[in-house]
Amino acid sequence: MPDEVKKMEFRDLKQQYSVLRAEIDQAVSRVLSDADFISGRAVAELEGELAGYVSARHCISCANGTDALSLAMMAWGLGPDDAVFVPDFTFFSTAEVVAHAGATPVFVDVDEDTFNIDPEKLEAAIVETAAAGALAPRAVVAVDLFGLCADYAQIRPIAEKHGLLLLEDAAQGFGGSRGGRMACSFGDISTTSFFPAKPLGCYGDGGAVFTDDDGAAELLRSLRIHGKGGDKYDNVRIGLNSRLDTLQAAILKVKLKAFREAELAKVNEVAGYYSERLGGRVAVPRVPDGYISSWAQYTIRLAGAAQREAVMAHLKAQGIPSMVYYRKPLHRQGAFAALSVPDAGFERTIRLCDTVLSLPMHPYMTEEDVARVSGAVLEGLGGNG
Ligand SMILES: *Cc1c(COP(=O)(O)O)cnc(C)c1O
């Protein structure tokens with residue numbers, strides 16, 4: 001790489017910290033002085049703010065987004081002989097927690113334009129699984145991939161018609177909305193992650209569970225602290241040790257304010273700059289009418305694997321990072337080899353895994369940064385754009 005090439009960040013957390021530094025340092029130092037590291041005041045305050053923001057009755061914070069999903073599985077008592085429907089194109093956690101609960105993930109192909117679970121294919125999979133008879137269909141995990149809510153207007157009635165619980169995995173969806181309704185409010189239980197690179201990230205691991213169901217909320221609060229009854233030393237069920245620590249909560253309170261007041265609007269501006277420059281030349285992400293994305297990723301689709309590798313290499317030479325989310329369909333992951341799921345029926349996920357490319361995206365990108373990335377993408381297409 002020539003010396004004059006300036007390296008760009010994929011998600012610039014250093015710049016975000018430099019903007020929020022005074023407030024974050026103050027919040028952290030307050031927790032250190034109070035020494036209330038576990039279940040301190042900031043945790044309850046944050047839970048209240050998060051529940052208010054997404055309009056859920058309850059927010060139960062926890063240690064990470066994977067535990068958030070597991071807590072939901074435990075609260076619902078999912079286990080052996082249960083089928084849980086999950087998109088084939090998502091991060092591993094979505095299906096890992098199903099297997100961890102002892103239930104069986106049933107993979108469903110996605111819509112190529114929105115990257116989210118295809119409602120028609122979901123219903124076909126439910127009917128087929130029920131007819132086969134080996135497993136009982138129990139729940140759907142819909143994922144809000146790359147910041148865009150799944151199609152709940154279609155998914156919710158399908159889940160209800162077949163008597164399935166609906167879990168919204170909004171690890172990437174926090175801040176997105178559909179018809180004015182916020183992500184994390186669409187599931188019977190909804191979850192998110194505060195992993196640093198997610199739309200709302202902390203400075204370590206963190207997660208949260210949301211629900212309007214008072215009974216489920218009570219169970220979730222027990223499950224996250226060793227299945228506690230009256231207190232931590234009265235254990236009425238088998239649970240987890242899965243809390244959000246006070247330091248992360250204090251940091252998240254500062255970050256949530258910035259997210260609501262500025263960052264969510266900024267990432268939407270950045271996405272607009274990208275789509276203006278790249279639309280018509282490559283497949284840019286589609287945000288259906290009535291939806292707002294929180295842009296966990298800005299993901300384009302290229303003509304094929306060879307073109308993608310060429311574009312990535314060209315970007316890298318210009319000091320621009322890019323990432324492939326995801327290279328492998330879940331049904332092909334070695335961890336699920338025992339399920340022996342054939343490729344048939346997963347054509348779209350397979351094609352996406354060969355063609356998607358995620359570009360730098362964060363609220364502190366300028367229009368110039370976007371022009372630099374977009375220009376490099378278009379050059380990288382060569383004669384094949
Ligand atoms: C990141 C992510 C998770 C897991 O969150 P962690 O906090 O990393 O455990 C789950 N589902 C999806 C779709 C994710 O992107």
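Each ligand, and each atom within it, is numbered from 1 in the order the structure gives.
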- Sub-6.0 Å ring centroid separation between F92 and Y326: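 So the answer is no for these two rings.
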
- For L256, does the CG atom sit with more than 12 other heavy atoms under 6.0 Å from it, leaving out its own atoms?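 Check passes, neighbour count above 12.
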
- Return the orientation label for the F186 and Y152 ring planes: parallel under 30°, perpendicular over 60°, tilted otherwise. parallel

- Query: Quick one: does S374's side chain have a donor or acceptor within less than 3.5 Å of a partner on A371's backbone?
  - Reply: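 No; judged by distance alone, with no hydrogens or angles, the pair does not exist.
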
- Message: Using the rule side-chain contact (heavy atoms from CB on, under 4.5 Å), only one of L339, D343, T349, V106 pairs with H331; which is it?
- Response: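 Looking at L339, D343, T349, V106, the match for H331 under the side-chain contact (heavy atoms from CB on, under 4.5 Å) is D343.
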
- Task: State, with a plain yes or no, whether a side-chain heavy atom of P285 is found less than 4.5 Å away from one of W295.
- Result: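 A side-chain contact exists here, since the closest heavy-atom pair is under 4.5 Å.
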
Nitrogen or oxygen contacts under 3.5 Å, ligand 1 side and protein side:
| from | atom 1 | to | atom 2 | distance (Å) |
| --- | --- | --- | --- | --- |
| ligand 1 | 5 (O) | S193 | OG | 3.4 |
| ligand 1 | 7 (O) | G65 | N | 2.7 |
| ligand 1 | 7 (O) | S193 | OG | 2.7 |
| ligand 1 | 9 (O) | G65 | N | 3.3 |
| ligand 1 | 9 (O) | T66 | N | 2.9 |
| ligand 1 | 9 (O) | T66 | OG1 | 2.5 |
| ligand 1 | 11 (N) | D169 | OD1 | 3.4 |
| ligand 1 | 11 (N) | D169 | OD2 | 2.8 |
| ligand 1 | 15 (O) | Q172 | NE2 | 2.8 |
| ligand 1 | 15 (O) | K198 | NZ | 2.6 |

